[in-house]
Amino acid sequence: MRITSLGFRTDIMLLTLQGSEVEDRGDHLVVRSPGNPAFWWGNFVLLQDLPGRGGVQRWERTFAEELPEAAHRTFGVDGTRGEVADLGEFTAAGYAVDASAVMTASSVREPPHPNHHATYRALDLADRGDRDAAIALQLANAPHREPSGHREFLVRKMEAMRALQEARCGSWFGAFVDGRMLSGMGLFSDGSGVARFQSVDTHPDARGRGLAGTLVHHVSCYGLADLGAATLVMVADPGYHAIDIYRSVGFETTETQLQLERSPG
């Protein structure tokens with residue numbers, strides 16, 4: 001199965017770098033992450049096309065057969081276009097259906113209101129992992145995020161990011177004010193000319209200060225120069241204000257990524 005979606009192609013690129021397993025079944029892919037079984041989007045089924053009538057029953061059977069220990073249900077639909085309305089049968093069955101914006105850039109510019117008071121640097125996960133990984137986890141698990149189960153997922157994710165950094169596949173970055181990390185994100189690549197952003201986080205109390213936009217610009221320059229990327233990829237919620245930050249730096253929406261998920265129970 002050839003993946004046409006740049007969003008899913010870079011998702012699977014990063015998962016493969018982290019040791020996830022991908023099996024091709026012809027009309028779908030099965031993705032497994034044995035090292036992080038609680039990661040819903042590390043353990044999912046990618047469909048080649050939009051499911052037809054009766055697709056819920058068919059694909060739920062497939063998911064149960066392929067990932068029998070998973071309590072969640074997560075499906076991606078390959079392609080570059082699509083709408084939530086295309087998956088009404090899944091919505092009726094209790095699935096949350098998401099149509100994310102896949103944004104790309106081959107060059108970047110400073111945001112309109114850059115923050116030059118903060119310090120921007122790569123986190124040293126390899127040599128000072130205890131400290132830098134801890135502050136990154138603290139930011140990612142800041143208020144308004146899931147308190148239970150989420151932290152364990154984040155710990156395992158940061159361990160995977162540490163391994164990618166040690167393999168020189170990219171790095172995690174932070175924006176610091178008075179020694180406190182207030183915005184953070186990662187950028188990684190497999191050397192194919194495409195680099196994918198990960199987890200753009202800004203502390204709720206520090207939003208609107210230009211930190212995220214300035215850090216996106218800083219990290220993008222690193223990706224184009226140090227990682228040798230020709231295309232930078234960012235996946236964003238089209239209804240969330242952060243998408244305007246990415247646009248201000250030079251990212252444009254080029255695709256739509258369709259995802260379906262249902263929580264355990």
Side-chain angles (χ1 to χ4, degrees), residues 1-15 20-33 36-104 144-146 148-150 153 196-200 233-247 251-265:
M1 172 178 159
R2 181 178 177 274
I3 305 173
T4 60
S5 163
L6 188 57
F8 283 118
R9 203 185 321 149
T10 51
D11 279 335
I12 291 176
M13 173 189 77
L14 291 181
L15 288 167
S20 296
E21 304 164 355
V22 181
E23 296 186 15
D24 191 339
R25 302 297 194 221
D27 62 349
H28 67 280
L29 297 179
V30 181
V31 182
R32 298 185 182 88
S33 297
N36 197 352
F39 183 16
W40 292 5
W41 287 103
N43 299 275
F44 71 99
V45 173
L46 178 62
L47 314 184
Q48 185 175 42
D49 298 300
L50 285 166
R53 186 179 296 275
V56 173
Q57 291 78 17
R58 178 201 168 182
W59 290 112
E60 284 191 336
R61 285 196 302 270
T62 298
F63 194 101
E65 291 168 359
E66 298 283 9
L67 297 155
E69 296 183 2
H72 67 276
R73 294 291 181 266
T74 41
F75 300 95
V77 180
D78 190 28
T80 59
R81 295 289 179 268
E83 300 178 359
V84 171
D86 296 331
L87 295 158
E89 188 175 319
F90 280 82
T91 303
Y95 281 80
V97 181
D98 182 62
S100 297
V102 179
M103 310 183 77
T104 59
H144 312 302
R145 293 187 177 270
E146 300 174 53
S148 60
H150 189 62
F153 156 72
R196 171 71 182 268
F197 275 85
Q198 288 282 280
S199 302
V200 178
V233 182
M234 177 89 71
V235 177
D237 180 347
Y240 191 57
H241 67 84
I243 197 170
D244 294 325
I245 296 174
Y246 311 145
R247 288 188 181 123
F251 284 81
E252 296 181 352
T253 300
T254 53
E255 298 180 3
T256 300
Q257 183 182 33
L258 290 177
Q259 295 176 300
L260 308 91
E261 65 178 40
R262 193 178 67 194
S263 60

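All values below were derived from every heavy atom in this structure, side-chain atoms included, with hydrogens, water molecules and symmetry-related copies excluded.
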Rounded distance [0.5 Å steps], [atom1] in [X] versus [atom2] in [Y]:
X	Y	atom1	atom2	result
Y246	T104	OH	OG1	14.5 Å
M1	L46	CE	CG	4.0 Å
L260	W59	CG	CH2	12.0 Å
L258	L87	CG	CG	5.5 Å

Report task. Before giving the answer on side chain to side chain contact (heavy atoms under 4.5 Å, CB included), spell out for V200 and I245 the whole-Å C-alpha distance, their side-chain angles and the decisive distance to 0.1 Å. Result -> CA-CA 11 Å; V200 178; I245 296 174; over 6 Å; no
Quick one: does [X]'s side chain have a donor or acceptor within less than 3.5 Å of a partner on [Y]'s backbone?
X	Y	result
T10	R196	no
N36	N43	no
D27	Q48	no

Of all heavy-atom pairs between [X] and [Y], which one has the smallest distance, and what is that distance?
X	Y	result
I3	R9	O-NE, 3.6 Å
V77	P51	CG2-CD, 4.5 Å
G54	Q57	O-OE1, 3.3 Å
V235	S100	CG1-CB, 3.7 Å
G76	F8	CA-CZ, 3.4 Å
V233	L6	CG2-CD2, 3.7 Å

Report summary line: Across all chains, not counting sequence neighbours, the side-chain contact (heavy atoms from CB on, under 4.5 Å) partners of E21 are R32, P34
Requested in this report: Measure the acute angle between the ring planes of F75 and Y95, then classify it against the limits of 30° and 60° as parallel, tilted or perpendicular.
Outcome: tilted
Requested in this report: Using the salt bridge (charged side-chain N to carboxylate O under 4.0 Å, His left out) rule, collect all pairs that involve residues 46-55, keeping only residues at least two apart or in two chains.
Outcome: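 Sorted result for residues 46-55: empty, none.
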Requested in this report: Quick one: which residue pairs count as a salt bridge (charged side-chain N to carboxylate O under 4.0 Å, His left out) with a foot in residues 74-90, not counting sequence neighbours?
Outcome: none
Query raised in the report: In chain order, what residues pass the side chain to side chain donor-acceptor pair (under 3.5 Å) check against Q257, with sequence neighbours excluded?
Result: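 Side chain to side chain donor-acceptor pair (under 3.5 Å) list for Q257, sorted by chain: D11.
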Query raised in the report: Within a reach of under 6.0 Å around CD of E69, are more than 12 heavy atoms found that belong to other residues, nucleotides or ligands?
Result: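 Result for CD/E69: open.
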Query - Partners meeting ring pair (Phe, Tyr, Trp, His ring centres under 6.0 Å) with F197 (sequence neighbours left out) - result: F251
Name the atoms and distances for all side-chain donor-acceptor pairs under 3.5 Å in residues 237-244, with sequence neighbours left out.
from: D237; atom 1: OD1; to: G239; atom 2: N; distance (Å): 2.9
from: D244; atom 1: OD1; to: R247; atom 2: NH1; distance (Å): 3.0

Query raised in the report: With the threshold set at 4.0 Å, does a side-chain nitrogen-carboxylate oxygen contact exist between E60 and R262?
Result: yes
Query - Side-chain touch L15/V22, heavy atoms, less than 4.5 angstrom - result: no
Report task. State, with a plain yes or no, whether a side-chain heavy atom of S263 is found less than 4.5 Å away from one of W40. Result ->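 SC-SC contact between S263 and W40 confirmed.
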Report task. Check the pair H72, F63 against side chain to side chain contact (heavy atoms under 4.5 Å, CB included), reporting the backbone distance first and the verdict last. Result -> CA-CA 10 Å; H72 67 276; F63 194 101; 3.9 Å; yes
Requested in this report: Apply the test ring pair (Phe, Tyr, Trp, His ring centres under 6.0 Å) to residues F44 and H28: give CA-CA distance (whole Å), side-chain angles for both, the deciding distance (0.1 Å), then the verdict.
Outcome: CA-CA 10 Å; F44 71 99; H28 67 280; over 10 Å; no
